[in-house]
*Asks:* 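To start, I am sharing the structure in question, which I have written as structure tokens.
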Amino acid sequence: MAAVKPCISSSRRTYTSGTANFGTNSEVGVWRRLKSSSHISATQPFFQSFKSGPTKSVKAVTRAMSGAAENSPLPGLPIDLRGKRAFIAGVADDHGYGWAIAKSLAAAGAEILVGTWVPALNIFESSLRRGKFDESRKLSDGSLMEITKVYPLDAVYDNPEDVPEDVKSNKRYLGSSNWTVKEVVDSVKQDFGSIDILVHSLANGPEVTKPLLETSRYGYLAAISASSYSYVSLLKHFAPIINPGGASISLTYIASERIIPGYGGGMSSAKAALESDTRVLAFEAGRKHNVRVNTISAGPLRSRAAKAIGFIDMMIDYSSENAPLQKELSAEEVGNAAAFLSSPLASAITGTVLYVDNGLNAMGVGVDSPVFENLDIPKAAK
């Protein structure tokens, strides 16, 4: 197991800049109140603006300064997850949304635990030890994201009795133990007592490249089991040890509600089920455990998992041409959205599908079609 110390939140050293304009009619009291909360460095002496004469604006640069004490309250509306513990299921490398979410939660001060698919566990832990992920682990303040513990996990199986003999004897599972959902939760409870944030960042469909009409019953049910029921199982078992006021997040895709040719094998059905389950679980987990449940509908990303579909580059190009924001989506943007949903700033948000896709979900047509070539459709400035 990889065991390292939790990180220090990069948000403690955040400096933001803005511009404030003050006219000659401003009251001195405004300046005093502003001075008490901010450091002002003006391009000219500030009080010159209080001389009599024609109205003239003075531009001042305002910088919010962090306090000297690391445990002092943060200014403004920070995403502050210090003292919180997160379990992210489905982190097996440093390229996907699960990794990005872990980084954003760590940057906000949360302690990070991860669940890694058993066959990928040795490679993942070895890469961590050898420093292969060090560049990817860098946070905005220069420190490295620390992972307190890595747990082997196969969320397709709820308990040891569910595991078939051929899986138990599979060489990729030999040497690992306590990796079913119930066993992992029991291990986390024994190691840490409780968590505050649960993230489901895993999906699999063995026949994802097949059209739905050609998908077998086995392939369809396997996609549902690994991609949607696994979330129900994780939340069911983790909920009793999630501290009241905690949050749970999953990842979905627009194929749940729109046709994406090539995204087959029952995966679109699994994502639709995941979004429906999000609403039901929000009610049940909210009433029973005071836990919020949301899902993020993320745009396409060049992750290793997405490359299995076979046309991820095409989907990214399509999004860049047709989304309201003409740019490539970054994993960090999804990670930051997850940090927000996990924080007290989102304390009244539950049962929601949050789209983080540059607005592509809002489009009814693809504006790059030749049909629209004579329309004056604006393009993003390069």
Side-chain angles (χ1 to χ4, degrees), residues 89-90 96-98 100-101 155-156 198-217 219-235 247-285 292-303 305-312 314-316 318-319 322-325 329 331 333-335 337-338 341 349-366:
Y97 283 135
I101 290 172
V156 169
L198 172 65
V199 178
H200 176 275
S201 178
L202 52 88
N204 184 45
E207 299 179 13
V208 65
T209 57
K210 291 184 179 181
L212 188 58
L213 276 174
E214 299 175 14
T215 300
S216 69
R217 183 183 296 271
Y220 185 93
L221 295 178
I224 293 287
S225 175
S227 308
S228 54
Y229 185 77
S230 59
Y231 182 47
V232 177
S233 178
L234 280 166
L235 186 55
S248 183
I249 300 168
S250 64
L251 290 169
T252 186
Y253 183 48
I254 193 65
S256 63
E257 54 186 289
R258 301 283 188 272
I259 299 168
I260 307 292
Y263 192 76
M267 283 300 299
S268 58
S269 308
K271 293 302 184 182
L274 184 65
E275 293 181 17
S276 177
D277 292 343
T278 294
R279 291 183 283 272
V280 177
L281 292 171
F283 175 79
E284 294 180 355
R292 296 181 294 106
V293 182
N294 294 290
T295 188
I296 295 174
S297 184
L301 176 73
R302 287 188 177 90
S303 65
K307 288 178 181 178
I309 302 172
F311 61 99
I312 188 63
M314 186 187 307
M315 293 305 299
I316 290 173
Y318 177 86
S319 179
N322 294 285
L325 300 178
L329 182 71
E333 290 172 309
V334 173
L341 287 175
I349 300 176
T350 193
T352 295
V353 178
L354 177 65
Y355 296 95
V356 185
D357 62 356
N358 289 321
L360 186 62
N361 71 92
M363 299 300 297
V365 296

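Side-chain atoms are counted along with the backbone in the values below, which use heavy atoms only and exclude waters and symmetry mates. Numbering starts at 1 and runs along the sequence shown.
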*Asks:* Could you list the residues that satisfy side chain to side chain donor-acceptor pair (under 3.5 Å) with D357, not counting sequence neighbours?
*Replies:* N361

*Asks:* Y220 versus L212: any side-chain heavy-atom pair under 4.5 Å?
*Replies:* yes

*Asks:* Quick check: does any side chain N or O of R292 sit under 3.5 Å from a backbone N or O of I349, one acting as donor and the other as acceptor?
*Replies:* yes

*Asks:* Is it the case that over 12 heavy atoms from other parts of the model lie below 6.0 angstrom from the CE atom of M314?
*Replies:* no

*Asks:* With distance as the sole test, does N294 use its side chain to make a donor-acceptor pair with the main-chain N or O of I249 at under 3.5 Å?
*Replies:* no

*Asks:* Let's go through H200 and S230 carefully: what are the C-alpha distance in whole Å and the side-chain angles of both, what is the deciding distance for side chain to side chain donor-acceptor pair (under 3.5 Å) to 0.1 Å, and is it a yes or a no?
*Replies:* CA-CA 8 Å; H200 176 275; S230 59; 2.8 Å; yes

*Asks:* For the residue pair M267 and N204, establish whether any side-chain heavy-atom pair is separated by less than 4.5 Å.
*Replies:* no

*Asks:* Within the 4.5 Å heavy-atom criterion, are L360 and Y318 side-chain neighbours or not?
*Replies:* yes

*Asks:* Considering the options L251, L341, T252, which one meets the side-chain contact (heavy atoms from CB on, under 4.5 Å) requirement together with T295?
*Replies:* T252

*Asks:* With side chains defined as the heavy atoms from C-beta onward, is the minimum distance between E275 and Y253 less than 4.5 Å?
*Replies:* no

*Asks:* Is there a donor-acceptor pair closer than 3.5 Å between any side-chain N or O of S201 and the backbone N or O of Y97?
*Replies:* no

*Asks:* Taking only residues at least two apart or on different chains, which pairs with a member in residues 257-274 satisfy salt bridge (Lys or Arg N to Asp or Glu O under 4.0 Å)?
*Replies:* none

*Asks:* Are T215 and E207 close enough, and set up right, to give a side chain to side chain donor-acceptor pair (under 3.5 Å), and what steps lead you there?
*Replies:* CA-CA 7 Å; T215 300; E207 299 179 13; 4.5 Å; no

*Asks:* Residues two or more places apart in sequence or in another chain: which of them pass side chain to side chain donor-acceptor pair (under 3.5 Å) with S228?
*Replies:* none

*Asks:* First locate atom CG of L235, then atom CD of E284, and finally report the distance between them rounded to the nearest 0.5 Å.
*Replies:* 9.5 Å

*Asks:* Will you find, in the side chains of T278 and Y231, an N or O donor that is under 3.5 Å from an N or O acceptor?
*Replies:* no

*Asks:* Under the criterion side-chain contact (heavy atoms from CB on, under 4.5 Å), which of V280, D277, L274 is the partner of V232?
*Replies:* D277

